[in-house]
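Every heavy atom of this structure was used, including side-chain atoms; hydrogens, water molecules and symmetry mates were not.
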Amino acid sequence: MKTPLLIAAIFFTGLTFAQEKKSDTLQTKKIEEVVIKKQVFKKQSDRFVYDVAASPVTKGNNTFDMLKQTPLLSTTDDKTLKIAGKNNALIYINGRKTNMDAESLTQFLKNTPAENIQKIEVITVPGSEFQVESSDGIINIVLKKKMSDGTSGNMRMSNSQNKYNASSASFSVNYRKDKLGISANLSGGENIQAQSYILRNGNDLVKNESVGDIDDPNKNLGGYLNFDYQLNDKSNLALSWNSWANKSYGSTVELLNTLNIYKPDGSLDKTDLTRSSNLENARNYNNSVNLNYELKTDSLGSKLNLNAAYLIYKRFQNSDNKTIVENPAGVFTQLRQNVLQDIPQIINNFSSTVDYIQKFKHDFTVSVGGNFNATKTDNDTKNFFNYYDANGNLKSIDPDLNHFIYDEQIYGAYITFEKKFSDKFSGKVGTRYEITRSLGTSEIPDQPMQEFERNYNNLLPYLSLNYAINDKNNISYAFSSRMRRPSFWELNPVKNILTEDNYTQNNPFVKASSTYNQELTYMFKNSYFLILNHSYFKDIITQVPLQRDIERDGKTYRQLAYIRTNFGDKQEMSVMLGMQKTFFNQYLTTNFNIGVQHNINKGTLNTDPTSGQVFDTYINNRESSSIVIQTNNTLRLDKKKTWFLGVNYFYVDKQQIELGMLKNLMSLDLSIKKNWNDWTFALNMNDVLNTNIVEIEDSQANGTYNYIRNNQYRRGGTFSITYNFGNQKVKKVRDIEGASDAIKSRTR
């Protein structure tokens with residue numbers, strides 16, 4: 001089910017070091033090919049560089065596996081990647097943002113052999129030429145240059161067992177003939193995303209508890225098709241098409257709700273039992289097309305890059321949310337409330353980018369560019385609340401209709417100067433200027449039209465300095481300012497119902513938040529590193545749990561609403577010490593990070609900005625310090641490099657986030673892999689100890705409390721078979737940065 005508590009927000013706002021889709025485009029700087037002969041991991045200018053070609057764990061791995069082995073990178077769900085200290089990781093290939101949705105990108109990475117990679121670059125503080133949001137970081141995958149004509153590809157099949165069984169398959173192919181290159185991918189799968197919840201909230205007089213399961217079946221099918229044609233020695237023309245479809249029919253929520261009402265002396269007065277039985281059918285489609293033109297203007301690497309893109313996203317969701325009480329015989333069959341919801345969303349976007357890089361002699365580069373995005377979202381939401389009397393007879397129908405249309409235009413421009421002053425000292429300075437004009441209109445029957453206007457201009461400076469003290473010591477500093485615009489689904493003023501008295505509420509009044517990042521890095525012998533990081537978030541966008549007492553049929557109930565809004569400011573400070581080394585004649589490769597993070601939260605809320613309803617005041621003026629440990633280890637089991645054992649572990653200490661105190665998380669993952677000619681067989685066991693379970697607890701000074709326990713059944717195993725075929729020296733088709741990537745990331 002997509003709508004209950006958005007627990008994913010925990011990982012995007014709270015776990016700075018933790019591991020567990022989205023986001024932006026506009027990249028112009030050509031990332032120069034640097035082949036490192038001996039230094040597997042090093043700090044270079046504004047990024048960390050992991051020389052995959054020199055690593056002993058490359059053979060037989062896919063690209064996703066190599067990313068998990070890269071220092072500072074990690075994952076908790078074997079789908080999404082995180083950079084330590086960053087909210088989100090954006091994937092670039094050969095210096096360009098991948099024009100793929102999250103599911104397609106994961107399949108692509110898992111089906112690209114690691115032998116094709118030259119190096120992986122981790123850009124923790126992206127420059128002005130990157131259109132990224134908040135404290136996002138970038139993972140840039142630099143592929144080896146292969147010049148032969150021919151056809152190559154691979155096929156992959158996998159089967160997973162967690163609470164339920166899941167399967168997936170993919171087929172990828174590259175074709176190169178003279179000036180024409182074609183690449184294509186088709187992937188699909190079926191799975192049931194299972195979750196279990198324990199939810200408690202209330203005060204000394206009224207206490208709610210909801211316990212049960214959510215099962216969300218999914219069928220996915222998608223892929224991409226890219227054409228790249230070399231017009232002449234200096235110019236290329238490319239056309240890319242990406243598509244992804246998801247069908248989730250029969251998604252269910254089954255929760256048993258217990259309401260206990262107490263007397264002032266603390267003794268139990270009344271108990272009310274209900275059952276929430278929700279059924280949801282949803283499907284979504286995502287199609288985008290991008291036209292790219294690239295012109296090389298001189299022999300130094302200067303070039304012009306033009307992109308134009310169109311994106312259409314459609315999501316259709318229907319849900320039937322029932323609150324059932326016991327009949328006189330004590331069986332849950334009698335309706336108390338039935339809410340029928342129709343929640344569609346249609347997004348149309350046109351985007352364009354212009355980027356120019358001018359390289360001069362003496363290692364001086366100037367990058368300039370601009371972008372334009374025009375987006376329209378259409379959300380025609382229909383809710384029908386059916387209420388029943390004590391005998392189960394329908395007594396009233398309350399329609400709640402809202403046709404919300406949101407138009408947004410974004411204009412952006414940037415300039416960046418980069419200079420290598422000597423072999424020891426280099427610097428980069430730039431700025432980005434963005435203009436956002438947006439208007440939302442809300443049509444509700446028998447009410448005046450509501451308008452929500454958001455216009456703002458932002459100047460976003462950037463600075464980085466890098467100094468190589470000697471061949472063993474390197475120090476660097478970076479500063480950047482960014483903003484985060486709300487996703488389109490966050491703006492749609494829709495209420496998603498979990499139980500009769502528990503729901504989430506989106507908010508058209510949400511405004512963009514600002515982020516200021518600073519990072520100081522010291523590296524020793526290209527194997528040991530120390531990173532000091534400070535991030536300040538202003539008007540942070542998050543969910544806030546609000547509670548209040550409501551009267552219904554002569555009884556007092558406790559209502560809990562998760563309100564999406566801007567919620568004060570937040571600071572994150574961290575210190576991380578890390579190591580990337582090989583031991584025992586390259587039989588053991590290990591990455592180890594240990595750090596301390598300090599969070600400072602300052603936010604207060606007591607009113608739903610959408611409805612104006614007043615709740616008990618929720619205050620989160622709290623600080624926390626936590627320890628984070630992460631280690632990834634690969635052990636080669638034979639001389640021929642055909643058997644490998646993987647042991648990965650992470651631990652995140654308890655820490656204060658917006659929803660309360662997040663208890664500690666940890667996971668032990670094991671893997672075994674066998675390479676046999678062009679075949680790779682792998683078995684991965686995730687969360688072996690069954691400890692990667694989310695628990696959040698919060699108590700307020702006014703006596704209210706809130707508790708969440710969410711088990712997403714991460715413990716399980718996956719067996720996969722990969723087969724590579726054809727000419728493995730085929731030159732890969734250029735990966736084109738799509739102009740609409742920034743918008744696609746803000747869809748649901």
Side-chain angles (χ1 to χ4, degrees), residues 19 27 29-75 78-86 88-98 100 105-127 130 132 136-146 466 474 476 521 523 526-529 531 576 578-582 586 589-593 630-634 644 646 648 732 734-735 737:
Q19 297 82 349
Q27 141 75 347
K29 180 181 182 302
K30 178 182 177 182
I31 299 178
E32 299 176 355
E33 187 73 6
V34 179
V35 180
I36 307 168
K37 296 297 184 181
K38 297 180 180 180
Q39 298 170 345
V40 176
F41 185 63
K42 68 176 294 185
K43 185 70 169 65
Q44 185 184 65
S45 183
D46 61 345
R47 63 203 65 194
F48 293 91
V49 180
Y50 182 37
D51 183 20
V52 174
S55 172
V57 300
T58 302
K59 185 170 178 59
N61 268 327
N62 60 48
T63 299
F64 193 88
D65 290 336
M66 281 307 304
L67 291 171
K68 291 194 296 183
Q69 294 293 332
T70 301
L72 304 179
L73 304 184
S74 53
T75 181
D78 204 40
K79 295 179 182 178
T80 53
L81 292 157
K82 292 286 290 182
I83 300 175
K86 301 299 164 187
N88 193 34
L90 313 180
I91 304 297
Y92 279 59
I93 298 178
N94 288 340
R96 299 205 167 277
K97 175 74 170 64
T98 53
M100 286 182 259
L105 178 59
T106 299
Q107 291 300 322
F108 170 78
L109 296 176
K110 289 185 175 181
N111 288 282
T112 299
E115 291 93 336
N116 292 357
I117 304 174
Q118 179 63 44
K119 59 184 177 181
I120 296 172
E121 299 176 330
V122 182
I123 307 173
T124 54
V125 184
F130 297 96
V132 298
D136 292 347
I138 290 174
I139 302 169
N140 181 49
I141 302 167
V142 180
L143 300 174
K144 293 179 180 177
K145 293 184 177 180
K146 301 181 178 182
N466 188 72
N474 187 95
S476 62
T521 302
M523 178 165 280
N526 296 296
S527 295
Y528 307 93
F529 53 90
I531 301 176
M576 175 189 292
M579 174 189 69
Q580 199 282 333
K581 289 278 289 182
T582 60
Q586 296 189 337
T589 300
T590 183
N591 297 324
F592 178 80
N593 302 326
Q630 176 190 319
T631 180
N632 298 324
N633 305 275
T634 300
F644 294 88
N648 301 330
K732 191 181 183 301
R734 286 189 308 135
D735 286 277
E737 172 192 6

Do the side chains of [Y] and [X] get nearer than 4.5 Å, heavy atoms only?
{"X": "Ile139", "Y": "Leu90", "value": "no"}
{"X": "Gln580", "Y": "Tyr50", "value": "yes"}
{"X": "Tyr528", "Y": "Lys581", "value": "yes"}

Indicate the atoms forming the closest heavy-atom contact of [X] with [Y], along with that distance.
{"X": "Met579", "Y": "Phe529", "value": "N-CE2, 3.8 Å"}
{"X": "Asn526", "Y": "Lys42", "value": "OD1-CB, 2.9 Å"}
{"X": "Val122", "Y": "Pro71", "value": "CG2-O, 4.2 Å"}
{"X": "Asn593", "Y": "Gly578", "value": "OD1-CA, 3.6 Å"}
{"X": "Ile123", "Y": "Asp46", "value": "CG2-O, 3.8 Å"}
{"X": "Pro126", "Y": "Gly137", "value": "CG-CA, 4.3 Å"}

Quick check on side chain to side chain contact (heavy atoms under 4.5 Å, CB included): which of Asn591, Thr589, Thr590 does Asn633 satisfy it with?
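Exactly one option meets the side chain to side chain contact (heavy atoms under 4.5 Å, CB included) with Asn633, and it is Thr590.
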Could you point out which residue of Ile83, Leu81, Ile120, Ile141 forms a side chain to side chain contact (heavy atoms under 4.5 Å, CB included) with Thr70?
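Exactly one option meets the side chain to side chain contact (heavy atoms under 4.5 Å, CB included) with Thr70, and it is Ile120.
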Do the rings of Phe41 and Phe48 sit parallel, tilted or perpendicular, given the 30° and 60° boundaries?
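Ring orientation, 0 to 90° scale: parallel.
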Let's go through Val142 and Ile117 carefully: what are the C-alpha distance in whole Å and the side-chain angles of both, what is the deciding distance for side chain to side chain contact (heavy atoms under 4.5 Å, CB included) to 0.1 Å, and is it a yes or a no?
CA-CA 6 Å; Val142 180; Ile117 304 174; 6.0 Å; no
Can you name the residues that form a side-chain hydrogen bond (donor to acceptor under 3.5 Å, both in side chains) with Asn466, not counting sequence neighbours?
Asn474
Sequence neighbours excluded, the answer for side-chain hydrogen bond (donor to acceptor under 3.5 Å, both in side chains) partners of Thr521 is none
